[in-house]
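To keep things clear, I will list the structure first and then write my remarks on it.
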There are 2 protein chains.
Amino acid sequence: MQRSDIFTNLAEGELAQVNACRVSIRYHTGEVVFKQGSPCHDFVCITKGMLKLYREDENDKRIIIGFAKPVDYIFVPGAFTDKRHHFSAIACEETTACLVGIDVFEKLLRENPDFASAFMTKVSEQSIRFIEQMSSLVQKQMPGRMADVLLDLSKAVYNSNPFVSSLSRQDLADMSGMTKESAIRILKTFRDDELIRTEGDMIEILNYPMLERISRNG
Amino acid sequence: MQRSDIFTNLAEGELAQVNACRVSIRYHTGEVVFKQGSPCHDFVCITKGMLKLYREDENDKRIIIGFAKPVDYIFVPGAFTDKRHHFSAIACEETTACLVGIDVFEKLLRENPDFASAFMTKVSEQSIRFIEQMSSLVQKQMPGRMADVLLDLSKAVYNSNPFVSSLSRQDLADMSGMTKESAIRILKTFRDDELIRTEGDMIEILNYPMLERISRNG
DNA sequence: GCTAATTGATGATATAAGTCATTTCAAAGC
DNA sequence: GCTTTGAAATGACTTATATCATCAATTAGC
């Protein structure tokens, strides 16, 4: 069984505690793992597949704030504050997740400084990602935002090029803060300019340097 | 001397450790406390005045991601990752800040679980704020975004209404992701509709419910 | 006290991006 | 097999927002 690298900091006994109470659950594509606003009881760790993390407002507009894949656990900030979820998680592939009660998790954080320290690092990395995403979404216009999304998918999410993605155009739009139609149009200009190639669910970045230039120029 | 409430979790001896190494520095309005990209050596705690936290991109476009005031300490996510600052901090009033080396701070986090736990709560709250700010900036149009900014200033930053703010129209624009001209125009419509009143550096919210409706409707 | 520099305010215009309508295409159901 | 459904693609049109230019009002410098 795969496990997130922060668990390497746990002693045998501590790991046993986690294993004793953890629950492994399988989700089908499209199934909701937790919903924004609902009470949070568990930490979620992905062992197979992928989750889409998103926030939605009153008008059903969505923004995708990230993904969780093996072997990420999802940092649930509500667990340390109001015990509510502040974003939703939905399976975008066949996914297996491992749930650990937040009380058990918090106990380990208190008892094992190495574990806590590794956790702080993960949380910090996510904070940095949030800041960078916010900066991209607010300061750049559509081509720059889409370039950021494609580069992020290739470099950070799928770690490959080309990559096969189950994400729809709507998802790409929700990641880059634009409408589905605009996302399609931008992708077409990228295709026409031979920056990318698409074939079904596959996307290949043909011209990294140019995409990065578009990202920089906004 | 004021201190952040997370320090109430420290024992006498631990507080003494902090006091032994901490440095108190005064900044004039407009002075830079730290700069995005620079190495981070210290945790910063504000004892007087206010800091503006912002991120800038290659094109000198700014986005204000928050403020730090007494008695906040600034969560510096780079401290736990690449030891670099990922945003800049600038004094927007006469400000006194207290610097504590990150090694001392991290030692306390490891040794005192209550302190670490309080810290995690603060970090989580900031993460939630980031998500909410991102959602506002991406999903709402100008009136909704400006409403969010004004409500946030009144409720979370200055904790008063009316409030006197040293922020320029450009700052309000940088908070709400629009140009200075647009910010001025939106404020004018709010004034014309008697939602707010402005007089010099003072802003008063006259119609909370309506502003909140504008915020909700985007 | 006067000049220079900055900030706020406003109008005219340009452009980025959203909305709406339509079509194509592929997958799912009967 | 055909029909239905949903996603992708595309064009026409509208609207939100940025840009540019100008001017007033305030603040800073000499």
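Small disclaimer: the values here were computed from a predicted structure and weren't measured. Throughout, protein chains are lettered first and strands after them, A, B, ... in sequence-line order, and every chain is numbered starting at 1.
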Every protein N/O within reach of nucleotides 20-28 of chain D N/O, cut-off under 3.5 Å:
unit_1, atom_1, unit_2, atom_2, d
D:dC20, N4, B:E181, OE2, 3.4

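- A ring-centre distance under 6.0 Å is not found for B:F43 and B:Y73.
- Taking atom CG of residue B:L187 and atom C1' of nucleotide C:dA9, one finds them 11 Å apart after rounding to whole Å.
- If you check the side chains of A:Y27 and A:T96, you find no donor sitting under 3.5 Å from an acceptor.
- B:K52 has no carboxylate O lying under 4.0 Å from a charged side-chain N of B:E93, or vice versa, which leaves the two without a salt bridge.
- Nucleotide D:dG6 holds its P atom 16 Å from the CG atom of A:D171, rounded to whole Å.
- Ring-plane geometry between B:F87 and B:F34 is classed as tilted, the angle between the planes lying from 30 to 60 degrees on a 0 to 90 degree scale.
- Atoms CZ (A:R145) and P (C:dA16) sit 12 Å apart, rounded to a whole Å.
- With ring centers used as reference points, A:F163 lies under 6.0 Å from A:Y158.
- Between A:F105 and A:F80, the gap from one ring centroid to the other reaches at least 6.0 Å.
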Are there any protein N/O atoms within less than 3.5 Å of an N/O atom in nucleotides 4-8 of chain C, and if so, which ones and at what distance?
unit_1, atom_1, unit_2, atom_2, d
C:dG8, OP1, B:R169, N, 3.3
C:dG8, OP2, B:R169, N, 3.2

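- D:dT10 atom C1' lies 12 Å from atom CG of A:D192, rounded to whole Å.
- Side chain to side chain, A:D148 and A:S215 meet the donor-acceptor criterion of an N or O pair below 3.5 Å.
- Applying the 4.0 Å criterion to OP1 and OP2 of C:dA17, one finds that A:T179 has every side-chain N and O outside that range.
- Rounded to whole angstrom, the span from the CD1 atom of B:I186 across to the C1' atom of D:dT15 amounts to 13 Å.
- For D:dA18, one of the phosphate oxygens OP1 or OP2 lies less than 4.0 angstrom from a side-chain nitrogen or oxygen of B:S182.
- Salt bridge B:E31/B:R26: absent, no basic N to carboxylate O contact under 4.0 Å.
- In this structure, B:M146 places its CE atom 17 Å from P of D:dA16, rounding to the nearest Å.
- A:R191 and A:E204 are not joined by a salt bridge, as no carboxylate oxygen comes within less than 4.0 angstrom of a charged side-chain nitrogen.
- When the C1' atom of D:dT17 is taken as reference, atom CE of B:M178 falls 9 Å away, rounded to whole Å.
- Between B:Q141 atom CD and C:dG18 atom P there is a gap of 10 Å when expressed in whole angstrom units.
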